**Student:** 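Have a look at this one.
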Amino acid sequence: MEPVGRPSGPDRYDPQSIEPHWQAYWQEHGTYEVDNDDPRPRAYVLCMYPYPSGAAHMGHVRNYTFGDLLTRYRTMRGDAVLSPMGFDSFGLPAENAAIRTGRHPRAFTDERIEQLRSSITRIGGVYDWRREVRSHDPTYIRWTQWIFLQLFRAGLAYRGHATVNWDPVDQTVLANEQVLADGTAERSGAVVEQRDLEQWFLRITDYAQQLLDDLDGLDWPERVVIQQRNWIGRSEGVEFDMAIVDGSGAPRSDLPGDAAVRVFTTRPDTSFGMTFCVLAPEHPLVATITTDDHRDEVDRFVARARGTSEIDRLTVEGDLSARGCRTGAWARNPFTGRPVPVLLADYVLGSYGTGAVMAVPGEDQRDWDFAQAFGLPVIETVERPEGFEGGAWTGDGRHVNSPAPADAGPERCDLNGLDVAGAKRVAADWLVERGLGEPVVNYRLRDWLVSRQRFWGCPIPILYCDACGVVPVPEDHLPVLAPDDVEFTPTGQSPLLSHEGFLHTTCPDCGGPARRETDTMDTFVDSSWYFLRFCDPWSSDAPFRQDAVASWMPVDQYIGGAEHAVLHLMYARFLTKALSDLGVAPGDLREPFRRLFTQGMIRLDGTKMSKSKGNLVAPEEIIDTLGADTLRLAHLSVKPPEEDVDWEDVGLEGCSRFLHRVWRLALPDAAATWTLHDGAATEADDAVRRATHRLIVDVSESFDRWSYHVAVARFMAFVNEVQRAAREEPGLRRDTFDEAVDTLLLLLAPAAPHVAAELWSRRHGGEHVHERAWPAADESLLVEETVTLIVQVDGKVRDRVEVPSTADEAACVAAALASPRVVSLLGGAEPARVVARPPKVVNVVRP
RNA sequence: GCCCGGGUGGCGGAAUGGCAGACGCGGCGGACUCAAAAUCCGCUGUCCGUGAGGGCGUGUGGGUUCGAGUCCCACCCCGGGCACCA
């Protein structure tokens, strides 16, 4: 790809010779290092820290180009920009490589960090590397563990027994967020199994309401906010008890008198339509309420449901009658006083609400389908709209069939005639007033399962003592580090489980023998606080000092992939709130990321480009030939930043040609090739000066709006215009030309930093362009003297006339009516109407 | 099914109710050259017309407006997310 035929020698644009020079300059001069006592206004620009997978791929390039542009731009605007970089360096790929090759994951990881750091530098990314953090660094491990202990003391980290997601390929449990809707693992793609295990959880559900409410104050893509809202899944309803009775409604002699099942519903208004009640197979009452004649059937059903993988349980196809089972028990509907049969079905989840629902086939489609399969009756309680032919009606309407029977006594409830909202209120109040139930808010969000049965992660700092039970490792014993003398076996089992030296220790409380926790933390724990550590990575007696965090946080602009919409971004929000409440982070820091930008993916032949798919286009090969500035510009120009990109559409050539053109235009010696003079200013000078100041406004606005592709288009158009003016007679005044070129270089400095720095330095005796102030436009040059007035007849453009930009309505109308084209189209008739928007447009409406 | 995006030349896209197609890619023609590359210049939505010019044109159909790619209503298609959460 080496261009042939372009001029050679010292005047040739040669990215290979200038790019390393400037990268070293920025590093050596600490140009983008900022101290915590910097007096300038502060800005915190952060790209999601990467998993070190080796040399950068195009996704990295895209991400870091946007972040780097913003860092350089804000710096030129006068801010102290915190732009740190680090590595999310725990994780399974390194451990899997260790299992394959026998090499320790640390060696593997450190090597890949160096490769990635080198790539990032070669892209031209500038960071305050003094602040670098790595998840697997013992100092970072220490503070991750310290944070875990604070959460443990506050009751926000707990050990719980639960049915959890087990990934048979990666040999570890996973959080709900890491399992896709089809029941496969987000990372490995394996079908997830269910296992009952004791695991560590973080109590994110305590923050469900805050996580929901605080979304409103964030400047985030709507898409991401909606995804978070869906994931939290708030739903309001009521819970109430239904007494377990026999088929005639009488109490059962084999059960205590208060035997009851509690149900949760968001539709108490439809209670009169309840024709059965459904329990989850894992509901604790199943065993006690099942009657003897149904016991065998129930046992078989429960065994099968528990053995079924999530993926099968979620399948909609198949015979519904096999997915439920009668229990022989009955429950009394408090609204009617009448018993309804109790069934089991796997579509009711044990982990949501009360694990039991009242089934209303008339107004719920799942209940309706189930009722059909089991031959259960349907009672419609909401009037159908005309023409409705489906099974269940879930919309609004007048209630019918909803009075309590006459023998229900003076306290009978009557919902007939009410709409859904009104009936909900009346039904809920009725339950509450009689002490039968209460309003309840449920969330879909579950506590965050953080245990991982893996070696290459942050060890959970907990001991198990036979005498004292669960004991936190004392803070002055941190960090707990995994041993180095470990062997990785092909089974994938964590070597910690069989490492005697790691496993056995003494209890800090009683001095007796104790066993270490062998699970490590989900790597999303590491990434939930790294942005806080960046503010104060030198802190040695706390994870960070509060004043340092207070001065930088929240992050002004966070940049990363949309694939983290629920995972990382939810966890990081949670931990920030928890640390704030614990007094570790400032009390008023409730959200970590003020603005979020999610960039599009890079696709190759329509598929996502990633390491696993071969990563066919290596960024460094392009840097080796066309240079980093061309690559950056191509990424900036190809599409709006938030959209997915097909690699085939990335126009390297046009960008390379453009930079060569800039080079020839700006090179001091090349001025001889242009027609420049020191005489009086001509119209050409006037036009170029206006274009120059217009460019300042356009590029600034485009940068502020993240319309980088438009900014690049403006650059190209501007260079074309200046070239043309400087080539044709009478040419340009030298100072007009210099102002145009210097302004171009200043504006280009954030986007194509190396070439801008090199040319500026050559033109200005070694000066550094990135330490110059962002240019300000001269307002007087933005006002044109004359403008092109659009003359329309009946809304169609028929002519254009030059008018003074100060022309008023009368002048514009006069100019329009004087147009020969308009005169001929009117054919002597008087216009029916003339609409003028001076000085842009006049529309003449014919009779 | 529900919720978000989005449909504009051969392609990526631009246009914050006022000149549709900026800028780039690709294509065609030309200059320079022994030749090529590179560079530079011109043309490049579509139809009618020798021409001047005119008709049509932003997924489809309606509407609002002097004027709609842009606003409103209905629909079609594509992409993404959610989906037994009671």
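These numbers come from a predicted model, not from an experiment. To find a chain, count down the sequence lines: A is the first, B the second, and so on, and within it residues start at 1.
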**Student:** Between B/rC19, B/rC66, B/rA14, which nucleotide gets closest to the side-chain atoms of A/R837?
**Tutor:**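 Nearest to the side-chain atoms of A/R837, counting from C-beta on, is B/rC66.
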**Student:** What distance do A/M570 atom CE and A/L445 atom CG have between them, rounded to the nearest 0.5 Å?
**Tutor:**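 Those atoms lie 6.0 Å apart.
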**Student:** Compare the minimum distances between each of B/rC19, B/rC3, B/rG24 and the side chain of A/M716, then state the nucleotide with the smallest one.
**Tutor:**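 Among B/rC19, B/rC3, B/rG24, the one nearest the side chain of A/M716 is B/rG24.
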**Student:** Establish whether the base of B/rG18 is bridged to the side chain of A/Q792 by a donor-acceptor pair shorter than 3.5 Å.
**Tutor:**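 Such a pair is found, so the answer is yes.
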**Student:** Is A/K796 salt-bridged to A/D794, cutoff N-O under 4.0 Å?
**Tutor:**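 Here A/K796 does not pair with A/D794 in a salt bridge, since their nearest N and O are not under 4.0 Å apart.
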**Student:** Taking only Watson-Crick and G-U wobble pairs with both distances under 3.5 Å, what dot-bracket line describes RNA chain B, where [ ] shows pairs that cross earlier ones and | shows pairs with another strand?
**Tutor:** (((((((..(((.....[....)))((((((.......))))))((((....))))..(((((..]....))))))))))))....
**Student:** Tell me: CD of A/E236 to P of B/rA86, nearest whole Å?
**Tutor:**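 Computing the A/E236:CD to B/rA86:P distance gives 11 Å.
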**Student:** Output the rounded distance in Å from CG (A/L665) to P (B/rU39).
**Tutor:**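 For the pair A/L665 CG and B/rU39 P, the rounded distance is 15 Å.
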**Student:** Looking at B/rA15, B/rG55, B/rC66, which one has an atom nearest to any side-chain atom of A/R798?
**Tutor:**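 When the side chain of A/R798 is considered, B/rG55 is the closest of B/rA15, B/rG55, B/rC66.
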**Student:** To the nearest angstrom, how far is A/N230 atom CG from B/rG81 atom P?
**Tutor:**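 Result: 13 Å.
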**Student:** Could you tell me whether B/rG9 is syn or anti, where syn means a glycosidic angle within 90 degrees of zero?
**Tutor:**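 This nucleotide is in syn.
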**Student:** Which one, B/rG13, B/rC4, B/rA86, comes nearest to the side chain of A/I226?
**Tutor:**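 The nucleotide sitting nearest to the side chain is B/rC4.
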**Student:** Could you give the distance separating B/rC56 and B/rG62 at their P atoms, to the nearest angstrom?
**Tutor:**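 Between the two P atoms, the distance is 15 Å.
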**Student:** For B/rG12, does OP1 or OP2 lie under 4.0 Å from any side-chain N or O of A/K639?
**Tutor:**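 Checking B/rG12 against A/K639, no side-chain N or O comes under 4.0 Å of OP1 or OP2.
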**Student:** Does A/R705 place a side-chain N or O at less than 4.0 Å from the phosphate oxygens OP1/OP2 of B/rA15?
**Tutor:**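 A/R705 to B/rA15 OP1/OP2: side-chain N or O found under 4.0 Å.
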**Student:** Fit a plane to each ring of A/H635 and A/W647, take the angle between them on a 0 to 90° scale, and name the class: parallel (under 30°), tilted (30 to 60°) or perpendicular (over 60°).
**Tutor:**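 Aromatic pair A/H635/A/W647 classed tilted.
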**Student:** For the base of B/rC19, is there a side-chain donor-acceptor partner from A/R800 under 3.5 Å away?
**Tutor:**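 Pair found.
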**Student:** Using the C1' atoms only, state how far B/rU33 lies from B/rC40, rounded to an integer number of Å.
**Tutor:**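 After rounding to an integer number of Å, I get 13 Å for this pair.
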**Student:** Would one find a side-chain N or O of A/K796 under 4.0 angstrom from OP1 or OP2 of B/rC56?
**Tutor:**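 Yes, within the criterion.
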**Student:** In whole angstrom, give the distance that lies between atom CD of A/Q599 and atom P of B/rG5.
**Tutor:**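 After rounding, the gap between these two atoms is 20 Å.
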**Student:** So, is A/S637 near the phosphate of B/rG13, with a side-chain N or O under 4.0 Å from OP1 or OP2?
**Tutor:**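 The answer is no; no side-chain N or O of A/S637 sits under 4.0 Å from OP1 or OP2.
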**Student:** Nearest 0.5 Å, what's the OH-CG distance between A/Y352 and A/N442?
**Tutor:**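 That separation rounds to 4.5 Å.
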**Student:** With C1' as the reference atom in both, quote the distance from B/rG59 to B/rC48 in angstrom, rounded to an integer.
**Tutor:**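 The same atom, C1', in both gives a distance of 26 Å.
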**Student:** Scan A/R714, A/R705, A/R690 and name whichever one has a salt bridge (charged side-chain N to carboxylate O under 4.0 Å, His left out) with A/D698.
**Tutor:**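 Going through A/R714, A/R705, A/R690 one by one, the salt bridge (charged side-chain N to carboxylate O under 4.0 Å, His left out) with A/D698 is satisfied by A/R714 alone.
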**Student:** Under 3.5 Å, is there an N or O donor on one side and an acceptor on the other linking the side chain of A/N843 and the base of B/rC66?
**Tutor:**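 Donor-acceptor pair under 3.5 Å: yes.
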**Student:** Quick one: A/R714 CZ to B/rG24 P, roughly how many Å, whole number?
**Tutor:**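 Whole-Å distance recorded here is 12 Å.
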**Student:** Would you say B/rA86 has OP1 or OP2 under 4.0 Å from some side-chain N or O of A/Y347?
**Tutor:**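 Negative; the distance criterion is not met.
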**Student:** When you compare B/rA38 with B/rC28, how far apart are their P atoms, in angstrom units rounded to a whole number?
**Tutor:**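 That atom pair is separated by 14 Å.
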**Student:** Does any N or O in the side chain of A/R446 come within less than 3.5 Å of the main-chain N or O of A/R444, such that one atom is a donor and the other an acceptor?
**Tutor:**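 Side chain of A/R446 to backbone of A/R444: a pair is present.
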**Student:** Under 3.5 Å, which N/O atoms of the protein pair with N/O atoms of nucleotides 40-47 of chain B?
**Tutor:**
{"residue": "B/rC40", "atom": "OP1", "partner": "A/R661", "partner atom": "NE", "Å": "3.3"}
{"residue": "B/rC40", "atom": "O3'", "partner": "A/R727", "partner atom": "NH2", "Å": "3.3"}
{"residue": "B/rC41", "atom": "OP1", "partner": "A/R727", "partner atom": "NH2", "Å": "2.8"}

**Student:** As a test of reading the structure: which of B/rC4, B/rA86, B/rG12 is closest to the side chain of A/T266, going by heavy atoms?
**Tutor:**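 That would be B/rA86.
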**Student:** Taking atom P in both B/rG81 and B/rC71, what distance in whole Å separates the two?
**Tutor:**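 Comparing P positions in B/rG81 and B/rC71 gives a spacing of 26 Å.
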**Student:** Measuring only the P atom in each nucleotide, how far is B/rG21 from B/rC43? A whole number of Å is fine.
**Tutor:**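 B/rG21 and B/rC43 have their P atoms separated by 14 Å.
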**Student:** Separation of A/E642 atom CD from B/rG5 atom P, in whole Å?
**Tutor:**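 Computing the A/E642:CD to B/rG5:P distance gives 12 Å.
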**Student:** The side chain of A/Y352 is closest to which nucleotide in this list: B/rG12, B/rC66, B/rA86?
**Tutor:**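 My answer, after comparing the listed nucleotides, is B/rA86.
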**Student:** Provide the closest heavy-atom pair for A/M58 versus A/I622 in the form atom of the first, atom of the second, distance.
**Tutor:**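 A/M58 and A/I622 have their closest heavy atoms at CE-CD1, 3.6 Å.
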**Student:** Between B/rC11 and B/rG27, how far apart are the P atoms? Round to whole Å, please.
**Tutor:**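 Their P atoms lie roughly 15 Å apart.
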**Student:** To the nearest 0.5 Å, what is the distance between CG (A/L211) and CH2 (A/W231)?
**Tutor:**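 It comes to 13.5 Å.
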**Student:** With nearest nucleotides of RNA chain B determined for A/V841 and A/S707 from heavy-atom distances, which residue corresponds to the more 5′ nucleotide?
**Tutor:**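 That would be A/S707.
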**Student:** In whole angstrom, what separates A/I602's CD1 from B/rG12's C1'?
**Tutor:**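 From A/I602 CD1 to B/rG12 C1': 14 Å.
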**Student:** Would you say CZ of A/R727 has more than 12 non-hydrogen atoms from neighbouring residues, nucleotides or ligands within 6.0 angstrom?
**Tutor:**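 Yes - once you tally the heavy atoms of other residues, nucleotides and ligands closer than 6.0 Å, there are more than 12.
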**Student:** Side chains of A/T381 and A/E363: do they bring a donor and an acceptor to under 3.5 Å?
**Tutor:**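 Result is yes, a qualifying pair exists.
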**Student:** Find the distance A/R444:CZ to B/rG81:C1' and express it as a whole number of Å.
**Tutor:**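 Taking atom C1' of B/rG81 as the reference, CZ of A/R444 is at 11 Å.
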**Student:** Given B/rC23, B/rG18, B/rG81, identify the nucleotide with an atom nearest to the side chain of A/K840.
**Tutor:**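 The listed nucleotide nearest to A/K840's side chain is B/rG18.
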**Student:** Could A/R62 and A/D644 be called an ion pair, given the rule that one side-chain N must be under 4.0 Å from one carboxylate O?
**Tutor:**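 Between A/D644 and A/R62 there is no salt bridge, as every charged N stays at least 4.0 Å from the carboxylate O atoms.
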**Student:** Counting only heavy atoms not in A/K639, do more than 12 sit closer than 6.0 Å to its NZ atom?
**Tutor:**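 Result for NZ/A/K639: enclosed.
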**Student:** Nearest heavy atom decides the nucleotide; on that basis, is A/T265 or A/A713 closer to the 5' end of RNA chain B?
**Tutor:**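 Comparing both residues, the 5'-ward one is A/A713.
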**Student:** Hey, does the side chain of A/H709 come within less than 4.0 Å of B/rC23's phosphate (OP1/OP2), counting only N and O?
**Tutor:**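 Indeed not, no polar side-chain atom of A/H709 lies that close.
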**Student:** What heavy-atom pair brings A/D241 and A/A260 nearest, and what distance separates the two atoms?
**Tutor:**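 What the structure gives for the nearest pair is CB-CB, 4.1 Å.
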**Student:** Measuring only the C1' atom in each nucleotide, how far is B/rC32 from B/rG12? A whole number of Å is fine.
**Tutor:**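 Roughly 32 Å separates the two C1' atoms.
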**Student:** Select one nucleotide: of B/rC66, B/rA86, B/rG12, the one nearest the side-chain heavy atoms of A/F264.
**Tutor:**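 The closest nucleotide is B/rA86.
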**Student:** What about A/R223: does its side chain form a donor-acceptor pair under 3.5 Å with the base of B/rG81?
**Tutor:**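 Answer is no: no donor-acceptor pair is held.
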